[in-house]
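Just so you know, ligand 1 is whichever comes first in the structure, and atom 1 is the first atom listed for that ligand. Nothing here was measured: the structure is a model prediction, and the numbers come from that model.
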Amino acid sequence: MRFSKLFGKTLRQAPAEAESISHQLLLRAGMIAQEAAGIYSYLPLGWRALRKIERIIREEMDKAGGQELMLPVLQPFELWQQSGRYASFGQSLFTLTDRKEHKLALGPTHEEVITELARKYVQSYRDLPLLVYQIQTKFRDEPRPRGGLLRVREFDMKDLYSFDADEAGLAESYEKMCQAYKNIYARLGLPALIVEADSGAIGGKESHEFILITESGEDEIICCPNCGYAANAEKAQFAKTKANNEEPLPLEEIATPGAKTIEEVASFTGVRLSQTIKAVFYSADGKFIFVVIRGELEVNETKLRNVLKCVGLRLATGYEVDKVGLVAGFASPIGIQGVKIVADDSITLGSNFIAGANKPGYHFRNANYPRDFQVDLIADIALARGGDSCPKCGSKLSAARGIEVGHVFKLGTFISEKMEASFLDREGVSLPIIMGCYGIGLGRLLAAIVEQSHDDKGIIWPLSVAPYQVYLCPLYLENLEVSSAAEKAYLELQKESIEILFDDRNESPGVKFNDADLLGIPLRLTLSLRTLKSQSIEAKWRTEKETQLLPLENLATEVKKLLREKSTQ
Ligand SMILES: [Zn+2]
């Protein structure tokens, strides 16, 4: 490819709105262009890199026994009603109405469509196990698109679906996919970590995410350096400590003038935060929820949403709190009626807590559950944080940020039961098919690779993903000797199918070197009057400082040898 003909321009500065490194560099390198919030075009260089990622994913899916197919983007809305998932997807589901007033959805994922197909084509246990996948564009109406390709509304994804006859089969399919994902990350040069995750809108009982640890990630990961326990903060558990071992004492009202926040109450009464119970108010699908949790802990809203089985969850407004007759700052479940109360199980670990007295300026001392109050639900709804104790081994947990670069789910039978996709087992008994699904976003991977692999000059592509592997960089093309040697080298390398970007522009060496570094092409070949004196060309890897001279004679053979050595490193 001749640089002078390349569609797309490199930029010296990233646009102000680009916040993440990958967003800045992909825009500056002319690989992507933004059309609207969370909607991007891939320009030729970006598209070449994306297609290489796609090829690697396809090879690993095929190797794992996946069969590629292609499902429609337009999905009948009835399918989403049958599965019940239109509710959990909520406003993230793009919908439209056709000219005959039929409601359709733009696929954010394809469990419904593929289950419908399985219902038709899977009849007996002999048809199982089955692994089918596609690589296709998905649509999700994200509330906050951000980070360039990291969170978008239209994106290409590989989604594979597994169908099995029993739990053991599902475990095997799941393991096979996890291994295929590990192979993909290894080939892309991404050190992805596997962590326990919440199933979210997809549903199911167990799921894992593959996470690339990086500052710009929007997921928080909790992990144990001692035993290897790792989970998304949405899902992470921790070993809760006991607040004390005291015998319950009689409930006693005390004046706490001016102490409204839990910190003020603790300091006023001279107790640790863990010796207090605080109240947090939520609105869950429009219903008022009173949450109680020990003072030193925070509510994990994902866990709370799962416990309540609700879709919409937000903090209640001051008006809503007033309306149910609660006194913010002095509220507790003691003596409260007609409000749904959800408690974190931390309130059972200890006794004689300080809690609100439901009137301004007063708290209770020695509040004890269940002696002094009842709750509707009790569960783990607390947020795990760095410094908490590991649920497996008790060591101190640490927190890190990361980008989700893959997500796998054991769906089980909840979709196949609702959509009546069943099979006949060996005894001729009809059973629901056991499902799994496995997603990986291509653009997200592209961005993650840039987040992982760059320096202050630009992108550093791994050889496996680079849009071109070689950057041919002749200096001072106005010199006929240089230009004719450069043309000759270009044609020779191209003839040997080496992926080469030829910087045939009449630009200064500084501009050319800067662009070569920004684009991140792995191997740079510099041709100048100086190298021509020894009938050679200077080769330099993007990742290294040292250069070496290659003879112009048999250049293609030499370059191939270098690329081969690099790819097996
Ligand atoms: Zn541990």
Name the one of E296, E298, E264 that satisfies salt bridge (charged side-chain N to carboxylate O under 4.0 Å, His left out) with K278? E298
Donor-acceptor contacts, no H, no angles, side chain residues 86-94, under 3.5 Å, sequence neighbours left out:
from, atom 1, to, atom 2, distance (Å)
S88, OG, R85, O, 3.2
S88, OG, A201, O, 3.3

With a 3.5 Å distance limit and no angle check, can you tell me whether N368 reaches the backbone of N366 through a side-chain donor-acceptor pair? yes
Judged by atom type as modelled, is there a donor-acceptor pair below 3.5 Å linking the side chain of E54 to the main-chain atoms of L442? no
Could you please tell me which protein N, O or S atoms lie under 2.8 Å from the Zn ion (ligand 1)? C224 SG, C227 SG, C390 SG, C393 SG
Expected output: side-chain D198 to main-chain K303 donor-acceptor under 3.5 Å: no
Side-chain (Q136) to main-chain (L71) donor-acceptor, under 3.5 angstrom: yes
